[in-house]
Amino acid sequence: MDRLLFFFLLASTASFAQTRLQFSPQLHGEILTIAEEEMGAAAGAKQVETLRFYLSNIRLLRGGAEVYTPTKKHHLLDVEIPASLTIPLDLPESLRYDELVFTIGVDSLTSAAGVFGGDLDPTLGMYWTWRSGYIHFKLEGSAPECPGRNHRFQFHVGGYQAPFNAIREVRLAVDSKEPISVRVDLDRFFQATDLREKYQVMSPNEEAMTLADLLTHLFYLKD
């Protein structure tokens, strides 16, 4: 049966219940709160001032087969906008799934097609140029050990063209009987990144590819 026809028949006969896909960034083992820029490294610990990232192509699978995908394809999550960290999902009440799959970043077809509105609006500060495309993941702040100006670090991970394609896929085992709550562990990022040596990535390059690989390990299911 054609997949679109299958989903149409499913939607026409099933009752729906809204659930939520919740993302919870954390730093120092606690839920992340954005620091005031003027505090900086003076507080004696890492401070995050900006955390934004794109999630695309969200899918729920069962036994490796896709059973649900939301209508909206691209989502910009911004810690400064708490509502953006929750993605509503209208799921059939009888739906069962065992895996969550999503992409970090904006796919190459969308990037090559040009900029759009909504979450893809270039005025949101997540777009470079038509040649470089979207910034998939933006992390900025300060740390005492960082030798940059005002102890600041800036990581803008993006790029969609070979050899610097920073788009990455994340796959997580989930239980359809439980709410889907995903942690985004920045401690893992900083444990793997020596800010004394690397504190700024601002374009698609080899360093961005290394960071893109690292990003896939930041996401895991909340206990």
Taking a hydrophobic cluster as the set of Ile, Leu, Val, Met, Phe, Trp and Tyr residues connected by side-chain heavy atoms closer than 4.5 Å, whether directly or through intermediates, do [X] and [Y] fall within one such cluster?
X      : Y      : result
Leu211 : Tyr160 : no
Leu61  : Leu95  : no
Ile31  : Leu27  : no
Leu215 : Phe164 : no

For [X] against [Y], the heavy-atom pair lying closest together:
X      : Y      : answer
Gly159 : Trp128 : N-CZ3, 3.8 Å
Met209 : Ala166 : CE-CB, 3.6 Å
Leu221 : Ala173 : CD1-O, 2.7 Å
Cys146 : Tyr199 : SG-CB, 3.3 Å
Glu80  : Ile34  : CG-CG1, 3.9 Å
Asn205 : Val201 : OD1-CG1, 4.0 Å

Less than 4.5 Å apart, side chain to side chain, heavy atoms only: is that true for [X] and [Y]?
X      : Y      : result
Leu85  : Pro25  : yes
Leu51  : Leu77  : no
Leu139 : Val157 : no
Glu169 : Asn57  : no
Ile58  : Val101 : no
Gln26  : Asp185 : yes
Arg52  : Leu76  : yes
Thr103 : His74  : no

Hey, mind stepping through Leu186 and Leu32 against side chain to side chain contact (heavy atoms under 4.5 Å, CB included) and telling me if it holds?
CA-CA 9 Å; Leu186 297 181; Leu32 175 66; 3.9 Å; yes
Is there a donor-acceptor pair closer than 3.5 Å between any side-chain N or O of [X] and the backbone N or O of [Y]?
X      : Y      : value
Ser56  : Gly105 : yes
His75  : Lys72  : yes
His136 : Val106 : yes
Ser84  : Ile81  : yes
Asp187 : His28  : yes

Between [Y] and [X], is the closest basic N to carboxylate O distance under 4.0 Å?
X      : Y      : result
Glu145 : Lys46  : yes
Arg62  : Glu99  : no
Arg196 : Asp194 : yes

If you measure from [atom1] on [X] to [atom2] on [Y], what distance do you get to the nearest 0.5 Å?
X      : Y      : atom1 : atom2 : value
Met202 : Ile135 : CE    : CD1   : 7.0 Å
Leu89  : Ile180 : CG    : CD1   : 6.0 Å
Tyr97  : Arg59  : OH    : CZ    : 15.5 Å
Phe102 : Leu172 : CZ    : CG    : 5.5 Å
Leu55  : Ile104 : CG    : CD1   : 7.0 Å
Ser111 : Gln161 : OG    : CD    : 9.0 Å

If we count only N and O atoms by modelled type, under 3.5 Å, do the side chains of Gln22 and Thr86 hold a donor and an acceptor together?
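Per modelled atom types, Gln22 and Thr86 side chains form a pair under 3.5 Å.
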Can you name the one residue among Phe155, Phe189, Tyr134, Phe219 that meets ring-ring contact (aromatic ring centres under 6.0 Å, His included) with Phe53?
Phe219
Please enumerate all residues that pass side-chain contact (heavy atoms from CB on, under 4.5 Å) together with Asp213, with sequence neighbours excluded.
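Result, side-chain contact (heavy atoms from CB on, under 4.5 Å) vs Asp213: Arg168.
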Test of understanding: with side-chain contact (heavy atoms from CB on, under 4.5 Å), list the residues that count as partners of Thr210, not counting sequence neighbours.
Lys198
Assess whether atom CZ of Arg96 is packed by more than 12 heavy atoms of other residues, nucleotides or ligands within 6.0 Å.
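Yes, the 6.0 Å shell around CZ holds more than 12 heavy atoms from other groups.
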Given side chain to side chain contact (heavy atoms under 4.5 Å, CB included), test Leu100 with Val182 step by step and report yes or no.
CA-CA 10 Å; Leu100 167 67; Val182 180; 4.1 Å; yes
May I ask you to check whether Tyr127 and Tyr54 place their ring centers less than 6.0 Å from one another?
no
Let me see the working for His156 and Gln200 under side chain to side chain contact (heavy atoms under 4.5 Å, CB included), right down to the final yes or no.
CA-CA 8 Å; His156 296 184; Gln200 188 174 73; over 6 Å; no
Working note: Thr69 + Leu60, criterion side chain to side chain contact (heavy atoms under 4.5 Å, CB included); need CA distance, chi angles, decisive distance, verdict.
CA-CA 6 Å; Thr69 183; Leu60 294 176; over 6 Å; no
